[in-house]
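A short write-up of the structure that comes next.
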Amino acid sequence: MSTEADHVEVPTRMLVHALIREDGTVGADELYTVANTLGMSDQQVRLCIKRLVAEGRFTHEGRGRKAELHATADTTRALAPNADFLRHAFQQDAGLAPWDGVWHLAAFAVPESARTARDALRETLVHLGGAPLQGGLYVCANAWEPYVEEAAHRLGAHGALTLLTTTDLRKGDTREPVELARRLWSLHEIADRYHRLSRIARPRLARLTGPAGLSPSALLTIAVELAAELTRAMEPDPLLPPQLLPQPWPGTQARELIARCWAVLHEREGGEARPALFRLYADITREAADRVVR
């Protein structure tokens, strides 16, 4: 029986990104088929395609279900860091990325005349796992410097950026790292997202490993649902080292379930023009699944 917890809301834009093949294309027929399975209308998909093309994220050839989308270089590049962060998360789960006790800080002073760049840099720092210490000063537990500098260069704010590290961080009277992490990041909210991810992944793993065969579109639908829910859980996650987190941490268990799902998806989906989603996630999670099995 389906429950509300089984339902995954997949943004149309995320669906298009999830179906990008390894050659950078998206087949319209496959896109509409999976979208319909997820409860999206053809009109909803058409409007999303129109917006993505207008934004310069894709080019478009052909008409209707015979059409083909081509991801631009900027679109492909923008999706790559997500794989970097997922790989790092699994390394942390496996104990391969222990914390060295170093806090990484970024400070910026962007003038009001460049408010758009300032706001975008602030959002980027939070997306990369930063927490605000005070106005214009953010802290992260991971070595985020290459990502921060890339964003600052892209936004034209690199000259206003200061980067530094410390092993002696205090906020008020708090200096113990675990307590600092608890105060700086909303760990309860992040944990709740991972609990939901586990609830989503378990029944889908049962379907994937069950005796009934699944059609290619059903496999793609499960893949997209898992990717959407994984993104929803990981985007606000600063990926704190295990040493700074309550144990057991629900993110570790949720990613183990995702790894098992992706290992089966990778095994069953052998098409020539498979989505890059399978390549990006399966290689990372298959290693984690192998560790779980062992």
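Nothing here was measured: the structure is a model prediction, and the numbers come from that model. In this chain, numbering begins with 1 at the start of the sequence shown.
Distance check: Glu179 CD to Leu184 CG gives 9.5 Å after rounding to the nearest 0.5 Å. One distance of note links CG of Leu220 with CG of Leu15; it measures 9.5 Å at 0.5 Å rounding. Distance check: Trp144 CH2 to Leu163 CG gives 8.5 Å after rounding to the nearest 0.5 Å. Within the model, atoms CG of Leu105 and CG of Leu169 stand 6.5 Å from one another, a figure rounded to the nearest 0.5 Å. For the atom pair CG of Leu155 and OG1 of Thr124, the computed distance is 5.5 Å after rounding to the nearest 0.5 Å. Distance CD/Glu9 to CE/Met14: 11.5 Å, rounded to 0.5 Å.
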Are Thr25 and Ile20 close enough, and set up right, to give a side chain to side chain contact (heavy atoms under 4.5 Å, CB included), and what steps lead you there? CA-CA 5 Å; Thr25 64; Ile20 297 174; over 6 Å; no
Trace of the side chain to side chain contact (heavy atoms under 4.5 Å, CB included) decision for Arg46 with Gln43: CA-CA 5 Å; Arg46 280 194 293 270; Gln43 177 67 4; 3.1 Å; yes
Checking Glu30 against Arg65 for the salt bridge (charged side-chain N to carboxylate O under 4.0 Å, His left out) test, could you report, in this order, the C-alpha distance in whole Å, the side-chain angles of both residues, the deciding distance, and whether it holds? CA-CA 8 Å; Glu30 187 172 71; Arg65 288 182 175 259; over 6 Å; no
Would you please test Trp185 and Val139 for side chain to side chain contact (heavy atoms under 4.5 Å, CB included) and show each step? CA-CA 10 Å; Trp185 286 278; Val139 63; 4.3 Å; yes
Side chain to side chain contact (heavy atoms under 4.5 Å, CB included) between Trp249 and Ile190, worked out: CA-CA 10 Å; Trp249 178 241; Ile190 296 166; 3.8 Å; yes
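The shortest side-chain heavy-atom distance between Ile258 and Ser198 does not fall under the 4.5 Å cut-off. Two residues are said to be in side-chain contact when any heavy atoms from C-beta on lie closer than 4.5 Å; Ile222 and Leu208 meet this criterion. Annotation: side chain of Gln243 is in contact with side chain of Pro98 (closest heavy-atom distance under 4.5 Å). A 4.5 Å side-chain heavy-atom check between Val34 and Met40 finds every atom pair outside the cut-off. Side-chain atoms of Glu123 and His127, non-hydrogen and from C-beta on, never get closer than 4.5 Å to each other. Side-chain contact between Tyr194 and Asp237: present, with at least one pair of heavy atoms (C-beta onward) separated by less than 4.5 Å. Residues Leu31 and Val45 meet the side-chain proximity criterion, which asks for heavy atoms closer than 4.5 Å. Within the 4.5 Å cutoff, side-chain heavy atoms of Cys48 are placed close to those of Val16.
Looking at every heavy atom in both residues, Leu240 comes nearest to Ala181 through CD1-CB, 3.9 Å. Closest heavy-atom contact between Arg21 and Gly27: NH2-CA, 3.3 Å. When all heavy atoms of Val148 and Ala106 are compared, the closest pair comes out as CG1-CB, 4.4 Å. Closest of all the heavy-atom pairs between Pro238 and Gly129 is CB-O, 3.5 Å. Annotation for Arg193 and Arg232: closest pair NH1-O, 2.8 Å, computed over non-hydrogen atoms. In this structure, Ala157 and Leu121 approach most closely via the heavy-atom pair CB-CD2, 4.3 Å.
Leu47 and Val26 are assigned to two separate hydrophobic clusters, defined by single-linkage of ILVMFWY side chains at heavy-atom distances under 4.5 Å. There is a path of hydrophobic side-chain contacts, each under 4.5 Å, that joins Val126 to Met234. Both Leu214 and Val264 sit in one connected hydrophobic cluster of ILVMFWY residues. Membership requires side-chain heavy atoms under 4.5 Å apart, directly or through other members. Under the 4.5 Å side-chain heavy-atom criterion for Ile, Leu, Val, Met, Phe, Trp and Tyr, Leu244 and Val102 are members of distinct hydrophobic clusters. Hydrophobic clustering (side-chain heavy atoms under 4.5 Å, transitive across Ile, Leu, Val, Met, Phe, Trp, Tyr) groups Leu133 together with Leu161.
The number of heavy-atom neighbours closer than 6.0 Å to CD of Gln247, taken from other residues, nucleotides and ligands shown, is above 12.
Arg260 contributes no side-chain N or O that, together with a main-chain N or O of Ala201, makes up a donor-acceptor pair within less than 3.5 Å. Proximity of a side-chain donor or acceptor of Trp262 to a complementary backbone N or O of Ala223 within less than 3.5 Å is not detected. The backbone N or O of Arg57 sits less than 3.5 Å from a side-chain atom of Thr72, completing a donor-acceptor pair. When atom types are taken as modelled, the side chain of Ser215 and the backbone of Ala218 share a donor-acceptor pair closer than 3.5 angstrom. A donor-acceptor pair is defined here as one N or O able to donate and one able to accept, closer than 3.5 Å; such a pair exists between the side chain of Gln92 and the backbone of Leu239. With hydrogens and angles ignored, the 3.5 Å screen pairs a side-chain donor or acceptor of Thr33 with a backbone N or O of Asp29.
Note on Arg199 versus Glu229: no salt bridge recorded, every NZ/NE/NH1/NH2 to OD/OE distance being 4.0 Å or above. Taking the charged nitrogens against the carboxylate oxygens, Asp168 and Arg175 do have a contact shorter than 4.0 Å, which makes a salt bridge. Ion pairing between a basic and an acidic side chain is recognised when a charged N comes within 4.0 Å of a carboxylate O; Arg118 and Glu112 show such pairing. Checked for salt-bridge contact, Arg63 and Glu68 miss the test: no charged N lies under 4.0 Å from a carboxylate O.
The salt bridge (Lys or Arg N to Asp or Glu O under 4.0 Å) pairs that include a residue from residues 89-105 are Asp93-Arg255, where partners are two or more places apart or lie in different chains. For the ring-ring contact (aromatic ring centres under 6.0 Å, His included) condition, no pair includes a residue of residues 45-70, sequence neighbours left out. Residue pairs that meet the salt bridge (Lys or Arg N to Asp or Glu O under 4.0 Å) test with at least one member in residues 142-152, sequence neighbours left out, are Glu150-Arg154.
Cluster partners of Leu205, by chain and number: Leu257. The rule joins Ile, Leu, Val, Met, Phe, Trp and Tyr whenever side-chain heavy atoms lie under 4.5 Å apart.
Considering Thr209, Val8, Leu265 as possible partners of Arg204, the one that fulfils the side chain to side chain contact (heavy atoms under 4.5 Å, CB included) test is Val8.
Side chains of Gln44 and Thr12: a donor on one and an acceptor on the other come within 3.5 Å.
In this view, Trp103 and Trp99 satisfy the ring-ring contact (aromatic ring centres under 6.0 Å, His included) rule, not counting sequence neighbours. Take Glu235 and apply the side chain to side chain donor-acceptor pair (under 3.5 Å) test, not counting sequence neighbours, and it matches no residue.
A ring-centre distance under 6.0 Å is found for Tyr147 and Phe85.
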